[in-house]
Amino acid sequence: MKEWQRIAQLSHRTDGSATILGWVTHHRSSGRIQFVTIRDGTGEVQGVVRADEVSAETWETTRALSQEAAVKISGQVRADPRAPGGVELVVAGLELVGASADYPLTPKEHGTDFLMEHRHLWVRTPRQAAILRLRARIIHAIRGFLDDHGFVLADPPIITPAAAEGTTTLFGLDYFGEPAYLSQSGQLYMEALAMALGRVYSFGPTFRAEKSKTRRHLSEFWMVEPEMAFCDFEENLLWQEELVTYVVEEVLRHAPRELEILGRDQEPLRKVRPPFPRLSYDEALERLAEAGMPLTWGEDFGAAHETYLGGLYPAPVFIHRFPAAHKAFYMKPDPDRPEVVLAADLLAPEGYGEIVGGSQRIDDLDLLERRLFEHHLPADTYAWYLDLRRYGSVPHSGFGLGVERLVAWIGRLEHVRETIPFARTLTRVWP
Ligand code: 4AD
Ligand code: MG
């Protein structure tokens with residue numbers, strides 16, 4: 001298998017010979033000439049096969065090709081400005097590597113259920129492959145930013161004894177006779193690691209038994225969770241807007257082809273620049289009331305409220321200082337106004353809702369114990385977490401960025417299920 005080229009590199013080999021390994025996406029013949037389009041994950045190229053330029057065997061093998069047959073083709077690369085990668089391949093030889101009969105995903109339109117049922121094959125289509133490349137680019141940018149700013153990658157456990165984000169969305173499991181759960185968030189462990197390393201981040205899967213069937217919810221999703229010692233609420237927001245802006249810039253710089261395949265208008269992304277607007281929860285309620293969507297103080301936003309607020313500005317918007325009553329036990333109350341917490345959600349524009357949730361954490365032992373009690377959480381399960389407030393407690397903050405929501409917004413995709421290779425949702429755990 002050595003000495004072959006990937007399709008994306010072919011444009012550098014004009015008038016040279018090349019060998020390509022890939023899969024057939026289209027095939028048509030017109031008399032003594034056949035056209036075979038091959039994809040290999042880096043791009044697509046059209047091979048031109050002429051009856052008088054190849055052996056009879058190659059001609060016949062080509063004739064018998066069907067969609068998704070795997071092939072090895074070799075020939076001469078020729079510039080063709082009309083072709084997608086600017087080149088075509090004048091085929092000299094073609095071998096079948098793996099046949100494909102009755103491929104279920106035909107070029108006609110299929111319904112989403114059918115496509116999700118065939119997700120293992122659907123990922124081969126150009127649009128889905130572009131989404132996965134975009135996701136990889138976004139993850140690369142996130143990690144690059146954090147690595148370059150002194151954050152240490154430190155991964156929390158996935159099997160945990162306690163809830164971080166409420167007890168209603170836990171996936172339980174039997175851990176050698178003891179109850180345990182799949183992690184909803186690594187945050188509590190990240191707080192411990194921040195006290196050891198200063199600035200840390202995790203990047204890993206998190207799990208929530210979400211009973212809601214929306215285009216924003218998965219039951220298994222990937223989260224980036226930075227946590228910083230000696231960092232207050234305001235500085236936490238600065239990190240978030242710097243990170244999100246950097247990711248968008250990197251995508252514009254390195255993934256324009258993916259955005260083009262997705263039909264993503266780049267103009268709105270170019271308007272993403274810090275500082276992001278900041279609206280307090282109270283101000284947000286006023287805006288919602290003006291728009292005919294009144295809420296009483298203390299009520300949580302629904303998807304429609306988030307969509308409206310996120311649409312008020314070209315860049316993402318922070319909604320901050322939520323009523324403490326409905327928020328997580330670990331969030332620090334605002335010293336000037338203890339009925340609200342120093343927490344913020346970052347809402348994306350264009351109807352994508354919350355992409356980041358973050359807060360300054362309670363650093364006072366007594367207050368944290370009281371909050372656990374008020375949330376009916378057993379203090380002994382959190383004993384190690386309370387230790388962090390016993391031994392050199394410091395102001396600290398962090399946030400969780402949902403990778404799938406970020407990919408959905410940047411790619412302007414309809415549903416988060418297309419942003420992850422194999423989505424897990426309320427109704428799907430297959431394939
Ligand atoms: O707002 P959340 O629940 O925050 C936390 O878990 C904190 N412990 C994070 C932290 O401060 N370290 O979740 C954070 C983000 C959300 O803003 C959203 O982007 C994403 O995770 N998210 C989901 N994404 C897909 N499907 C779901 N069911 C999600 N739930 C949250
Ligand atoms: Mg949240």
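Order of appearance sets the numbers: ligands from 1, and atoms from 1 within every ligand. Throughout, residue positions are numbered sequentially from 1 according to the sequence presented. All figures in this text were calculated on a predicted structure; none of them were measured in a lab.
Ring centroid separation for the pair F151 and W239 comes in under the 6.0 Å cut-off. Taking the six-membered ring where the residue is Trp, the centroids of Y313 and F276 are separated by 6.0 Å or more. For an aromatic pair to be called close, the ring centres must be under 6.0 Å apart, and Y281 with F301 satisfies this.
Ionic pairing of R273 and E249 is not present here: no N-O contact between side-chain nitrogen and carboxylate oxygen is shorter than 4.0 angstrom.
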May I have the step-by-step check of side chain to side chain donor-acceptor pair (under 3.5 Å) for Y201 and D147, ending in yes or no?
-> CA-CA 9 Å; Y201 75 99; D147 291 340; 2.7 Å; yes
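Side-chain contact check for W23 versus Q67: every heavy-atom pair is 4.5 Å or farther apart.
Dense packing is recorded around CZ of F114, with more than 12 heavy atoms of other residues, nucleotides or ligands lying under 6.0 Å away.
For ligand 1, residues of the protein lying within 4.0 angstrom by heavy-atom distance are E165, S185, Q187, R208, E210, R216, H217, L218, F221, M223, E225, Y330, E354, I355, V356, G357, R361, G398, F399, G400, G402, R405.
Summary: OE2 is the N/O/S atom of E354 found nearest to the Mg ion (ligand 2).
Within the coordination shell of the Mg ion (ligand 2), defined by N, O or S atoms under 2.8 Å, D345 is absent.
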